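Below: the structure, in structure tokens.
Since we're looking at a predicted model, the values are computed, not measured. Sequential numbering from 1 along the given sequence is applied to the chain's residues.
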Amino acid sequence: MTKRPVVIEIEKQGKTYRVELRERDSGRALDSRTLDGSDGSEAPYKHVCKVRLPAESEPKIDLESDDGEDRIVLRAADRTCYRHSLPTPVSVAN
């Protein structure tokens with residue numbers, strides 16, 4: 001299976017999380033998401049991670065919530081390829 005190198009960037013400014021997924025080599029945007037924080041915290045946060053995805057599928061950024069924890073999830077080829085827990089909860093997915 002051929003792999004595609006991508007970068008996922010999660011950044012919180014004010015009360016809003018911005019999640020972007022782009023190709024590592026070209027910088028071309030593949031997906032993005034904006035999430036509103038629910039705890040009122042405005043502390044900045046940034047997380048960047050390199051991931052290798054199946055080349056033949058379109059990746060999708062999603063959100064999982066359970067047990068009071070919110071996670072950014074990256075799915076491609078009908079499977080979960082990456083998961084990252086957020087430091088503060090979110091309320092509304094845009």
Side-chain angles (χ1 to χ4, degrees):
M1 178 186 298
T2 305
K3 298 285 186 171
R4 174 172 34 172
V6 299
V7 173
I8 187 164
E9 183 175 315
I10 303 167
E11 184 173 21
K12 182 178 181 212
Q13 292 182 345
K15 296 179 183 178
T16 304
Y17 282 99
R18 178 187 54 80
V19 184
E20 291 184 350
L21 180 68
R22 61 185 179 276
E23 289 182 339
R24 195 175 345 169
D25 298 333
S26 70
R28 182 176 72 94
L30 299 173
D31 196 10
S32 65
R33 198 84 199 257
T34 302
L35 306 166
D36 295 329
S38 66
D39 71 347
S41 170
E42 293 191 25
Y45 176 78
K46 186 163 186 171
H47 173 80
V48 179
C49 188
K50 296 176 185 176
V51 181
R52 295 183 69 79
L53 300 177
E56 64 280 352
S57 67
E58 285 303 312
K60 182 178 188 246
I61 297 169
D62 207 354
L63 178 70
E64 282 183 346
S65 297
D66 63 18
D67 299 327
E69 182 179 60
D70 293 327
R71 290 177 296 282
I72 298 296
V73 179
L74 181 56
R75 293 190 171 95
D78 296 325
R79 66 185 179 111
T80 299
C81 300
Y82 176 79
R83 204 177 251 127
H84 179 76
S85 295
L86 297 174
T88 58
V90 296
S91 60
V92 178
N94 295 324

Would you call Arg79 and Pro54 a side-chain contact if the rule is heavy atoms closer than 4.5 Å? yes
| query | Quick one: does Arg24's side chain get under 4.5 Å of Arg52's, heavy atoms only? | reply | yes
Checking the side chain of Arg4 only, and the main-chain atoms of Ser57 only, is there a donor and an acceptor separated by less than 3.5 Å? yes
Residues at least two apart in sequence or cross-chain that pass side-chain contact (heavy atoms from CB on, under 4.5 Å) with Arg18, listed by chain then number, are Glu9, Glu11, Glu20
In this structure, OH of Tyr45 is separated from CG of Leu86 (nearest 0.5 Å) by 7.0 Å
* Could you walk me through whether Asp66 and Arg71 pass side-chain contact (heavy atoms from CB on, under 4.5 Å), step by step? => CA-CA 9 Å; Asp66 63 18; Arg71 290 177 296 282; 3.0 Å; yes
| said: Between Asp31 and Leu21 (side chain of the first, backbone of the second, donor and acceptor by atom type, cut-off under 3.5 Å), is there such a pair? | reply: no
Heavy-atom side-chain contact between Ile8 and Ile72 under 4.5 Å = yes
Of all heavy-atom pairs linking Arg33 and Ile61, the shortest is NH1-O, 3.3 Å
- Check the surroundings of atom CD in Gln13: do more than 12 heavy atoms from other residues, nucleotides or ligands lie under 6.0 Å from it? no
In this structure, OG1 of Thr80 is separated from NZ of Lys60 (nearest 0.5 Å) by 11.0 Å
All heavy atoms of Asp70 vs all of Pro89, minimum pair found to be OD2-CA, 3.1 Å
| message | Membership question, hydrophobic clusters at under 4.5 Å side-chain separation (ILVMFWY): are Val51 and Val7 in the same one? | response | no
Correct closest heavy-atom pair for Ala29 and Arg22 would be CA-CB, 4.1 Å
On a heavy-atom basis, the closest approach of Lys3 and Pro5 is O-CD, 3.9 Å
Pairwise side-chain contact, Leu53 with Cys81, heavy-atom cut-off 4.5 Å (strictly under) | yes
